[in-house]
Undergrad: 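Before I ask anything, let me first share the structure, which is written out below as structure tokens.
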Amino acid sequence: AALWLDEEGIRQRAQALARPGEIATAARLSYDQVPNRIAWIVHLRTPLGEERLICVAGQSVWPATGADAAPDSTDGG
């Protein structure tokens, strides 16, 4: 359960997929494409404000693909 609840650990696992200059910021619980692919969505931002989204579920980490993982207007994305 700790892999799912430790926000710092979630961001660190997402940071492993970061490109040079990207920093993992906010994480929110959502899903990728379909509800049975529940995951933490982590925002990777560049110093220029560009953003990519990464999914983290336990030890699995992958680039977000679904529309439900798109940045929302409430977090500035």
Side-chain angles (χ1 to χ4, degrees):
L3 289 174
W4 279 89
L5 301 176
D6 176 20
E7 186 175 356
E8 181 60 29
I10 291 165
R11 284 197 310 267
Q12 287 176 359
R13 288 190 295 284
Q15 188 71 43
L17 292 186
R19 296 173 184 151
E22 287 182 328
I23 297 174
T25 60
R28 63 183 167 88
L29 193 59
S30 187
Y31 58 88
D32 187 28
Q33 292 185 331
V34 293
N36 67 350
R37 290 183 66 179
I38 192 166
W40 287 98
I41 306 298
V42 178
H43 300 249
L44 295 180
R45 291 197 176 125
T46 68
L48 298 176
E50 296 169 338
E51 184 173 270
R52 290 189 312 129
L53 301 177
I54 302 296
C55 294
V56 178
Q59 293 182 2
S60 299
V61 182
W62 69 94
T65 59
D68 292 309
D72 59 41
S73 60
T74 60
D75 63 9

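If you read the sequence from its start, that first residue is 1, and numbering goes on from there.
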Undergrad: Measure the shortest side-chain to side-chain distance between Cys55 and Ile41 over non-hydrogen atoms and say whether it is less than 4.5 angstrom.
TA: yes
Undergrad: Using side-chain hydrogen bond (donor to acceptor under 3.5 Å, both in side chains) as the criterion, list what pairs up with Trp62, not counting sequence neighbours.
TA: Asp32
Undergrad: Out of the candidates His43, Arg19, Arg45, only one should pair with Arg52 under the side chain to side chain contact (heavy atoms under 4.5 Å, CB included) rule; please name it.
TA: Arg19
Undergrad: Between atom CG of Leu5 and atom CG of Leu29, what is the distance when rounded to the nearest 0.5 Å?
TA: 10.0 Å
Undergrad: What are the two closest heavy atoms between Arg13 and Leu3, and how far apart are they?
TA: NH2-O, 2.6 Å
Undergrad: For Ser30 and Ile38, which heavy atoms make the closest approach, and how far apart are they?
TA: O-CG1, 3.3 Å
Undergrad: Working to the nearest 0.5 Å, report the span between CG of Asp6 and CH2 of Trp40.
TA: 10.5 Å
Undergrad: Suppose we screen for side chain to side chain contact (heavy atoms under 4.5 Å, CB included). Which residues come up paired with Ala24, at least two apart in sequence or across chains?
TA: Arg11, Gln15, Val42, Leu44
Undergrad: More than 12 heavy atoms of other residues, nucleotides or ligands under 6.0 Å from CD1 of Ile23: yes or no?
TA: no
Undergrad: Over all heavy atoms of both residues, which pair between Ile54 and Leu17 is shortest? Give the atoms and the distance, please.
TA: CG2-CD1, 4.0 Å
Undergrad: Locate the shortest heavy-atom distance separating Ala14 from Val61; write the atom from each residue and the value.
TA: CA-CG1, 4.1 Å
Undergrad: Which residues pass the side-chain hydrogen bond (donor to acceptor under 3.5 Å, both in side chains) test with Gln12, not counting sequence neighbours?
TA: Glu8
